[in-house]
Amino acid sequence: MPPKQQISAPRSESELLANARRIAGLTLAQLAERAGTALPDSFHNAKGWVGQIIEQQLGATASNLPEPDFQYLGVELKTLPLNRQGLPQETTYVCTVPLLDNEGLHWENSWVRRKLQRVLWVPVEADKQIPLPQRRIGTALLWSPTPPQEAILRQDWEELMELIVTGRLEQISARHGTWLQIRPKAANAKALCTTYDADGRPAETLPRGFYLRTAFTRTILNDHYANHS
DNA sequence: TACTGATCATTC
DNA sequence: GAATGATCAGTA
């Protein structure tokens, strides 16, 4: 195994895109080789493998901090698993849902908005019929929400946060929200955290995360291809 | 087949 | 424990 290559943090969006172009078209086997690491036999015990290796290869700096991956650029990196038809097949995790100290929180300073302000989407083949080593990295695209897109994200966020601030978290299912949804985001069902119930009393609950529906990430890819064809 | 609810690894 | 990186897997 060759030694790990240290990739320095990109200083501009064009440097970041140039880094992304260097891995576009590689198979996961080639990506692993380039990173000097072994490709797991399956993702069952390595669910974040692709995302973490691509972060490393593009020079991301935020590690697991609640910050955009490229702090200096304010750009978030997201891999986008594609199905056989080339469409996103999984929802995209955005950030943790604030269950405490969330009064007076507005869309403008929310983590969701900060993270989605500028995103580098890196498509990766994820069709289970393709063996892991043969799956390929796609061409990355840099994206910001259009005003109509942001309006819907904002509406989703405000409706969901209103339920949370008023102690109705347990009423929220993954069916709420047009493009944003809230789902559990935890190590397991026993990893609880604290929130407040409708009476303002502390209550234990599962940590939650905001996720983007595949219907939304599909429109992002669609719009991009429509403008670049 | 899409979607929801559950889960895995790592870092700090 | 709580944040990051996500995919798994049962079922509607």
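Below, chain A is the first sequence line, B the second, and so on; all start at residue 1.
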Value in whole Å for how far the P atom of B:dT1 lies from CG of A:D127: 10 Å

Residues which pass side chain to side chain donor-acceptor pair (under 3.5 Å) with A:E159, listed by chain and number, not counting sequence neighbours: A:Q155

Residues which pass side chain to side chain donor-acceptor pair (under 3.5 Å) with A:R213, listed by chain and number, not counting sequence neighbours: none

Atom-pair distance (CZ on A:R175; P on B:dA2), nearest Å: 17 Å

Residue A:H106 excluded, over 12 heavy atoms near NE2 under 6.0 Å: no

Sugar-phosphate only, base, or nothing, as touched by A:E55 at under 4.0 Å among non-hydrogen atoms: sugar-phosphate

Gap between atoms NE2 and P, on A:H176 and B:dC3 respectively (whole Å): 17 Å

Contacts of A:R11 that satisfy salt bridge (Lys or Arg N to Asp or Glu O under 4.0 Å) - sequence neighbours left out: A:E15

Separation of atom CG in A:N83 from atom P in B:dT1, rounded to whole Å: 10 Å

Let me check something: any side-chain donor-acceptor pairs from residues 94-105 of chain A under 3.5 Å, sequence neighbours excluded? List them with distances.
unit_1 : atom_1 : unit_2 : atom_2 : d
A:T96  : OG1    : A:Y93  : OH     : 3.2
A:N102 : ND2    : A:P98  : O      : 2.9

Distance in angstrom units between A:I182 CD1 and B:dT4 C1', rounded: 14 Å

Sugar-phosphate only, base, or nothing, as touched by A:P81 at under 4.0 Å among non-hydrogen atoms: sugar-phosphate

Side-chain N,O (A:S173) to OP1/OP2 (B:dT4) below 4.0 Å: no

DNA chain B contacts among residues 100-116 of chain A, heavy-atom distance under 4.0 Å: none

Segment of DNA chain C, first to last nucleotide, that comes within the 4.0 Å heavy-atom reach of chain A: C:dA2 to C:dA9

Side chain to side chain donor-acceptor pair (under 3.5 Å) against A:R168, all qualifying residues, sequence neighbours excluded: A:T166

CG/A:D41: more than 12 non-hydrogen atoms of other groups inside 6.0 Å: no

Non-neighbouring partners of A:E204 that pass side chain to side chain donor-acceptor pair (under 3.5 Å), sequence neighbours left out: A:T194

All salt bridge (Lys or Arg N to Asp or Glu O under 4.0 Å) counterparts of A:K47, not counting sequence neighbours: none

Side chain to side chain contact (heavy atoms under 4.5 Å, CB included) partners of A:A189, counting only residues at least two apart: none

Distance test, side-chain N/O of A:R208 to OP1/OP2 of B:dG5, below 4.0 Å: no

A:Q171 CD - B:dT4 C1' separation (whole Å): 18 Å

Sequence-aligned protein contact record of nucleotides 6-12 of chain B, with B where the base is within under 4.0 Å of a protein heavy atom and S where only the sugar-phosphate is: BBBS-BS

Atom-to-atom span, OH of A:Y93 to C1' of B:dG5 - whole angstrom: 16 Å

For A:E125, all residues meeting salt bridge (Lys or Arg N to Asp or Glu O under 4.0 Å), sequence neighbours excluded: A:R136

